[in-house]
Engineer: 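Quick one: structure below, then a few questions.
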2 protein chains.
Amino acid sequence: MSASRDPKGDHLRLEDQLCFALYAASRAMTAAYAPLLDALELTYPQYLVLLVLWDHDGERVSHIGDRLQLDSATLTPLLKRLEARGLVERRRSAEDERVVEVFLTAEGKRLRRRATEIPPCILEKSGLTLPELIELRSTLQDLTRRLRGD
Amino acid sequence: MSASRDPKGDHLRLEDQLCFALYAASRAMTAAYAPLLDALELTYPQYLVLLVLWDHDGERVSHIGDRLQLDSATLTPLLKRLEARGLVERRRSAEDERVVEVFLTAEGKRLRRRATEIPPCILEKSGLTLPELIELRSTLQDLTRRLRGD
DNA sequence: GGCAATTAAATCGTATGCGATACAGTTGCA
DNA sequence: TGCAACTGTATCGCATACGATTTAATTGCC
């Protein structure tokens, strides 16, 4: 933020922006996952949905949306693609016909084992130590909470 | 990363993922910018392109792409929208007909003044002190470099 | 000089994101 | 009990992202 590199002093330099650092890091991270996820024929958001379901199967669309902060406009087509791939099944709830519950198929469950290779690969690519990763993650989680308005 | 919350010990919990913390923070940041950028009728990537041009006018498409790490498939339509809005002008270079140089219009230049309101607003929304912001930004820039392969 | 290799944008296809709206199903309350 | 308000998904429209291909222009090298 030195004035020498920000002559107008109004902080509009690209390199000064936290937003851009975040945006660039997020896309670089997605790019780092790409070759690993290609092997599983998954996109990055599809992998996130599977992380939710591997943690607890049979969640409703709205719950997946709460976890990932994505709404149905994004999730419905994504889930349909996962269903077309035979990894999940979408079923209308019997108690409440408005609700769609998402279940892993046998193949969706099997995929979890292959995914366990991914986190160590990424840790290595990131060049972070585990404590550094944990601190950065925590800082980002705090920031996210505050940006959303506590 | 406590084992008690990761029973299988394979680090596939959503909350453990640095990637998700980054992805969520990046989207929360974009959402925080949205109301400010709406007033300027800009999208977030359009704003990033203008940051590049406000820093140095008349850059070629490939140079904007280097700065933002975006390729022509993303930039060409985005720049055409900015041109349709009357904020930039795209001109084929005289020396090299393959090159397209992007220039701010008078209105594109004028918009800069209104944009100076944005960084302080975001700093406040983020709840970070300036030193905290600088450190986080630096950590993210390092991470991005390493993920891209040094 | 002439052509193969390279380069810069543009284009195409697919997959997100997200605001706005639609719509079926459920609930709460007069 | 009837229906207005609310909920949970789905749909639509628009703007990114990005891998792959195309096209036009330039360069390097025999």
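Each chain gets a letter, A, B and so on, in the order the sequences are listed, and its residues count up from 1.
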Engineer: Choosing from D:dA25, C:dG25, C:dA10, which nucleotide comes nearest the side chain of A:Glu97?
Structural biologist: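 My answer, after comparing the listed nucleotides, is C:dG25.
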Engineer: Rounded off to whole Å, could you give me the CZ-to-P distance for the B:Arg92 and D:dA24 pair?
Structural biologist: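 The distance from CZ of B:Arg92 to P of D:dA24 comes to 11 Å, rounded to the nearest Å.
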Engineer: Salt bridge check, B:Arg91 against B:Glu89: does any charged N sit closer than 4.0 Å to a carboxylate O?
Structural biologist: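 Judged by the 4.0 Å cut-off on N to carboxylate O distance, B:Glu89 and B:Arg91 do form a salt bridge.
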Engineer: Kindly determine whether B:Leu104 and B:Leu50 satisfy side-chain contact (heavy atoms from CB on, under 4.5 Å), including the steps that lead there.
Structural biologist: CA-CA 8 Å; B:Leu104 291 163; B:Leu50 290 180; 3.8 Å; yes
Engineer: If you look at every strand shown and take non-hydrogen atoms under 4.0 Å, does A:Glu101 touch a base, only sugar-phosphate, or nothing?
Structural biologist: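 Here A:Glu101 touches no strand at all.
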Engineer: Strictly below 4.0 Å: does B:Arg90 bring a side-chain N or O up to OP1 or OP2 of C:dA10?
Structural biologist: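 Checking B:Arg90 against C:dA10: at least one side-chain N or O falls below 4.0 Å of OP1 or OP2.
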Engineer: Quick one: is B:Tyr23 getting a side-chain N or O under 4.0 Å of the C:dG17 phosphate, OP1 or OP2?
Structural biologist: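 The answer is yes; a side-chain N or O of B:Tyr23 sits under 4.0 Å from OP1 or OP2.
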Engineer: Between side-chain atoms of residues 73-88 of chain A and protein atoms elsewhere (two or more places apart, or another chain), which donor-acceptor pairs fall under 3.5 Å?
Structural biologist:
from    : atom 1 : to      : atom 2 : distance (Å)
A:Thr76 : OG1    : A:Ser72 : O      : 3.0
A:Glu83 : OE1    : A:Arg90 : NH1    : 3.1
A:Glu83 : OE2    : A:Arg90 : N      : 3.0
A:Arg85 : NH1    : A:Leu40 : O      : 3.3
A:Arg85 : NH1    : A:Glu41 : O      : 2.4

Engineer: Quick check: on DNA chain D, is the nucleotide nearest B:Leu78 upstream (toward 5') of the one nearest B:Asp71, or the reverse? Name the residue that is more 5'.
Structural biologist: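 Whichever sits nearer the 5' end wins; that is B:Leu78.
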Engineer: Please give, in whole Å, the distance from C:dA9 C1' to B:Glu59 CD?
Structural biologist: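 These atoms are roughly 16 Å apart.
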Engineer: How is B:Leu75 classified with respect to the nucleic acid when contacts are heavy atoms under 4.0 Å: base, sugar-phosphate, or nothing?
Structural biologist: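 The answer is nothing, as B:Leu75 stays clear of every strand by at least 4.0 Å.
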Engineer: Using atom NE2 of A:His63 as one end and atom P of D:dG8 as the other, report the distance to the nearest whole Å.
Structural biologist: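 Computing the A:His63:NE2 to D:dG8:P distance gives 13 Å.
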Engineer: Could you check how far CD1 of B:Ile64 sits from C1' of C:dA8, rounded to whole Å?
Structural biologist: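 The answer, rounded to whole Å, is 13 Å.
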Engineer: Are side-chain heavy atoms of B:Gln69 and B:Arg148 found at a separation under 4.5 Å?
Structural biologist: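 When only atoms from C-beta onward are counted, B:Arg148 and B:Gln69 do touch, with a gap below 4.5 Å.
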Engineer: Kindly say if A:Lys80 contacts the phosphate of C:dT14, meaning a side-chain N or O under 4.0 Å from OP1 or OP2.
Structural biologist: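 Answer no for this pair, as no side-chain N or O of A:Lys80 is under 4.0 Å from OP1 or OP2.
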Engineer: What parts of residues 43-57 of chain B reach DNA chain D, counting only heavy atoms under 4.0 Å away?
Structural biologist: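 Residues of residues 43-57 of chain B that come under 4.0 Å of DNA chain D are, in numerical order, B:Thr43, B:Pro45, B:Gln46.
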Engineer: If you look at every strand shown and take non-hydrogen atoms under 4.0 Å, does A:Thr74 touch a base, only sugar-phosphate, or nothing?
Structural biologist: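 The answer is base, as A:Thr74 lies within the cut-off (heavy atoms under 4.0 Å) of a base atom.
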Engineer: Between atom CG in B:Asp38 and atom P in D:dC14, what is the gap in whole Å?
Structural biologist: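 Whole-Å distance recorded here is 16 Å.
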Engineer: Do B:Arg146 and A:Glu124 sit within salt-bridge range, that is, some charged N less than 4.0 Å from a carboxylate O?
Structural biologist: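 A:Glu124 and B:Arg146: not salt-bridged.
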Engineer: Rounding to a whole Å, what distance do you find between A:Arg85:CZ and C:dA15:C1'?
Structural biologist: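 Checked: the CZ to C1' distance equals 14 Å.
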Engineer: When you measure from the side chain of B:Ala73, which nucleotide among D:dG19, C:dG25, C:dG17 comes out closest?
Structural biologist: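 It is D:dG19.
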Engineer: Do B:Ser72 and C:dA10 have a side chain to base donor-acceptor pair shorter than 3.5 Å?
Structural biologist: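 Per atom types, the contact qualifies.
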Engineer: For A:Arg81 and C:dT16, is the shortest distance between a side-chain N/O and OP1 or OP2 below 4.0 Å?
Structural biologist: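 For C:dT16, OP1/OP2 do have a side-chain N/O of A:Arg81 under 4.0 Å.
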Engineer: Return the orientation label for the B:Tyr47 and B:Trp54 ring planes: parallel under 30°, perpendicular over 60°, tilted otherwise.
Structural biologist: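 Perpendicular.
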Engineer: By nearest atom, which of the nucleotides D:dA10, D:dG8, C:dA9 is closest to the B:Arg60 side chain?
Structural biologist: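 Given the options D:dA10, D:dG8, C:dA9, the side chain of B:Arg60 is closest to C:dA9.
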Engineer: Could you work out which one of C:dT26, D:dT26, C:dT11 sits closest to the side chain of B:Thr76?
Structural biologist: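 Of all the options, the side chain of B:Thr76 is nearest to C:dT11.
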Engineer: In whole Å, I'd like the distance from the CG atom of A:Leu79 to the C1' atom of C:dA15.
Structural biologist: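 For the pair A:Leu79 CG and C:dA15 C1', the rounded distance is 13 Å.
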Engineer: Could you tell me whether B:Asp10 and A:Arg113 have a side-chain N and a carboxylate O separated by less than 4.0 Å?
Structural biologist: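 Salt bridge between B:Asp10 and A:Arg113, a charged N being under 4.0 Å from a carboxylate O: no.
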Engineer: Counting heavy atoms from C-beta on, name the nucleotide in C:dA9, D:dT9, D:dT26 closest to the side chain of B:Asp96.
Structural biologist: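 Between C:dA9, D:dT9, D:dT26, the one nearest the side chain of B:Asp96 would be D:dT26.
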Engineer: Should we count CD of A:Glu15 as having more than 12 external heavy atoms under 6.0 Å?
Structural biologist: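 Yes, enclosed.
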Engineer: In whole angstroms, how far is the C1' atom of D:dA17 from the CE atom of A:Met29?
Structural biologist: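 My rounded result for the distance is 18 Å.
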Engineer: Are any of B:Arg27's side-chain N or O atoms less than 4.0 Å away from OP1 or OP2 of C:dT16?
Structural biologist: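 It does not, given that no N or O in the side chain of B:Arg27 lies less than 4.0 Å from OP1 or OP2 of C:dT16.
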Engineer: Is it the case that D:dT9 (base atoms only) and A:Arg98 (side chain only) share a donor and an acceptor within less than 3.5 Å, ignoring hydrogens and angles?
Structural biologist: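 Checked by distance alone, the answer is no.
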Engineer: Taking the side chain as everything from C-beta on, heavy atoms only, tell me whether A:Thr43 gets closer than 4.5 Å to A:Gln46.
Structural biologist: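 Counting from C-beta outward, A:Thr43 and A:Gln46 do come under 4.5 Å.
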